[in-house]
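Keep in mind that this is a model prediction, so the values were computed, not measured.
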Amino acid sequence: MDRLLTEAHRNGCKLNENVEFISSVDEFSTYGNFVATAKTDIEADELLISCPFEYAITYETAIISLQSINAEFKSLSPEIVMYTFLALERLKASDSKWAAYIEYLPKSFDTPTYFNDEDKQFLKATNIEFALQDRLHNWRHAYEDVLKLGSFSENQFTLDLFIWAATVFTSRCFSSTLINSSISKEDATPILLPLIDSLNHKAMQPILWKTDVRDTMSIQLVSQNTTSRGQQIFNNYGPKGNEELLLGYGFCLKNNAFDTVALRVSVHPDLPYRQEKTLVLQQDNAFELNNLIFFLQKDADFSAFEKVLQCLTVVSASSLELKRIMAHQALFGLSSYSSSLRGKIKSFEILLMYINSRLQLLIENNPEKTPVNIRQQYASVYREGQIKILEQSLNQVKNFMEVELKKVYHPLPHLLQYLVLNSISIFLLQHPNFAPLSKVITELYGTTDAESIASSEEQDNVVLLMCLYCLSAQEALPFSIEMLQEGYPASSTEEGDEVFEIFDEMIFQKYPDVFGNKKIFNKENMSWALQLINEESIDFSGFTFVVVHA
C-alpha cells in the first residue's frame with residue numbers, strides 16, 4: 001500500500017491528511033488487504049481522494065498504445081482494448097507508469113470466474129451460473145481476437161492474464177463520463193481510477209463526485225457527512241443488487257435493498273405471429289423492457305408487475321387478440337390497450353409459471369452442505385436473496401391476480417362461475433342442450449363429471465368434441481362463437497387431418513346420430529377446433545376453457 005500511495009502522490013493524487021489505509025481484519029471487506037479509515041473526525045464537504053486525469057487508465061491512453069502495435073486494435077470494443085492494455089502493462093512490471101497500482105491490485109478474486117467446482121455448487125440453477133458461462137465464452141473469443149492482432153507470446157500473454165485484467169475492470173472500473181460529461185452513456189468507455197477505487201462499497205452512502213476541469217484536472221471524492229475517528233470511509237457503487245455485485249465485484253450484501261431477480265420471457269420464433277408480437281413490443285417504448293427481460297424487485301408492490309403483465313398480455317395473445325392489439329396500437333398506442341379476460345388470465349398464468357419454475361429450480365438445487373469459505377458464503381447470501389424475492393413475488397402476483405380479475409368479472413361472485421357460463425368447457429356437458437353429446441361422453445369415458453374428466457387426462461379430447469359440437473348447436477349456446485369463427489379459418493391442416501381420422505374411426509362413425517352431419521364434423525372444422533385449443537384456451541383451476549370474446 002505504501003508503494004501505491006507514493007506512486008499516486010507522485011502522479012498528482014491527493015489524499016485527505018486524516019485518511020489512512022490500515023490492514024483489513026473484516027473478512028467481508030470487498031477487495032484488497034487494506035481499508036480506508038478516518039484518523040480523526042472528517043467533516044462533511046471535505047475532499048477525501050482525488051485522481052488526476054493523467055493518472056487514470058482510459059481508453060484514449062490504451063488505444064494509442066495498442067495502435068502502435070497494430071492499427072486494427074481500433075476495430076475491437078473499448079472493453080477488450082482496455083483489458084488488453086492492462087494485461088500488457090502488468091507484463092511491463094516496474095517499467096509501467098502504474099507499476100505500484102498494478103502490484104496493489106488483487107491477483108485473484110472472489111468473483112464466480114475464480115470459483116472452483118465446489119464453490120460453483122452454490123451457484124447451481126441461478127442466473128449467475130448461466131451468465132458465468134456466457135462471460136467466459138465471450139472472454140475466450142476476445143482473447144483469441146487479440147492474439148490475432150498482436151504478436152504476443154502465449155506463454156506470457158495468457159488467457160488467465162487476460163481474464164484477470166477483465167475482472168479488474170468488472171470489479172473496479174468507472175465511466176468515462178466522469179472525465180467528459182458531454183459523452184453519452186452509450187458512448188462512454190470504462191476507466192480505472194487508481195487509489196479512488198480502493199474504497200469499499202456501502203449502499204446508499206452519501207458521497208459526492210466532482211470533476212475539476214479547470215485547475216487540478218482531476219476527479220474528486222468529497223464527503224457528504226461526518227466520518228468519526230476509526231470509522232471506515234466508503235464509496236457508493238450505486239443501486240446494485242447482489243447478482244451484479246457477486247458477478248462483477250465478488251461480494252454480496254445481506255438484506256440488500258436493491259436486490260432483484262431477472263426473468264426472461266420465452267418467445268417462440270417458429271410461430272410467425274410471435275415475431276409480430278416481438279415487433280409490437282419493440283415499437284412501444286412505454287414498456288421500457290430489454291429483450292423481454294424483466295426484474296422482480298424486493299418487497300415490490302402491485303404496481304411493479306403492471307408493465308410485466310401488459311407485456312405478457314402481448315406475448316401470450318392469440319391470433320384473434322393480436323389483431324385487436326395491433327389495431328388498437330395503430331390508433332391509440334399499446335399502453336392504453338385493455339386486455340380480454342382470456343388475455344388477463346393467460347398473462348397471470350405465465351407470470352406465475354415463470355416465477356414458480358425459477359423458485360422450484362433454485363430450491364431443488366440447493367446445496368445440502370454448509371459454506372466453508374467466503375465465496376460460498378457470498379453465493380449463499382445471493383441464493384437466499386433470490387429465493388426470498390421469488391417467494392414474495394409469487395404471493396404478490398397471486399394477490400394481485402385476485403384483485404385485478406375481480407375488476408373484470410364484477411359483480412359475478414366467482415371467476416369460475418363466469419368461465420362456466422361464457423366458455424367452451426367440459427362444464428357445458430351439464431347444459432340441457434348438450435344432452436346428446438353428454439350421453440356420448442358418458443359412454444366413452446364413463447362420466448361427465450368435470451373433475452373426473454380433467455383428472456383422467458381426457459379433457460382435451462372432450463373439449464375438442466365440444467368445440468365441434470358448438471358449430472352444430474350455435475342457436476342453443478348460452479353465448480355466441482361468431483367471433484371465434486371469424487377469427488380462425490376452417491381450413492384443413494396436417495394436424496387437423498390426423499386428429500380427425502382418429503376421432504372419425506373411434507367416435508364419429510360409432511355415433512352417427514350425434515356426429516353424422518359431415519358439414520360440421522369434418523377435417524376443416526377439426527382443424528378449426530384445434531386452433532381454438534392451441535390459441536384461445538386457458539387453464540384455470542385445473543380446467544381448460546376456451547373463453548368467448550365479448
Quick one: do the S50 and Q220 side chains pair a donor with an acceptor below 3.5 Å?
no
For residues Q310 and Y337, is any side-chain donor paired with an opposing acceptor at under 3.5 Å?
no
Walk me through whether E118 and K369 qualify under salt bridge (charged side-chain N to carboxylate O under 4.0 Å, His left out).
CA-CA 10 Å; E118 290 294 313; K369 51 191 175 182; 2.3 Å; yes
Closest non-hydrogen atom pair, R135 against L247:
NH1-O, 3.1 Å
With no hydrogens and no angle check, do the side chains of Y104 and D197 hold a donor and an acceptor under 3.5 Å apart?
no
In the structure I gave you, are the side-chain heavy atoms of N242 and F258 within less than 4.5 Å of one another anywhere?
no
Does the pair N200 and N235 meet the rule for a side-chain hydrogen bond (donor to acceptor under 3.5 Å, both in side chains), with working shown?
CA-CA 6 Å; N200 287 332; N235 190 6; over 6 Å; no
Can you tell me how the ring of F305 sits relative to the ring of F400, calling it parallel under 30°, perpendicular over 60° and tilted otherwise?
tilted
Can you check whether T58 reaches F53 side chain to side chain, under 4.5 Å on heavy atoms?
no
Taking only residues two or more places apart in sequence or in another chain, which ones pass side chain to side chain contact (heavy atoms under 4.5 Å, CB included) with Q392?
K298, D299, K388
Knowing that exactly one of F85, W164, Y143, Y83 qualifies, which makes a ring-ring contact (aromatic ring centres under 6.0 Å, His included) with F157?
Y143
Residue pair D110 / I374: nearest heavy atoms and the distance that separates them:
OD2-CG2, 3.7 Å
Can T158 and D160 be counted as having a side-chain donor-acceptor contact under 3.5 angstrom?
no
Kindly write out the residues that satisfy side chain to side chain contact (heavy atoms under 4.5 Å, CB included) with R3, not counting sequence neighbours, or none if the list is empty.
A100, E103
Aromatic plane relationship, F251 with Y378 - under 30° parallel, 30 to 60° tilted, over 60° perpendicular:
perpendicular
Among side-chain atoms of N18 and T40, is any donor-acceptor pair under 3.5 angstrom?
yes
Just to verify, what does E391 make a side chain to side chain contact (heavy atoms under 4.5 Å, CB included) with, not counting sequence neighbours?
L359, I387
So, H328 versus S336: side-chain donor-acceptor pair below 3.5 Å or not?
yes
Please examine the side chains of Q377 and V372, heavy atoms only from C-beta on, and report whether any two atoms are closer than 4.5 Å.
no
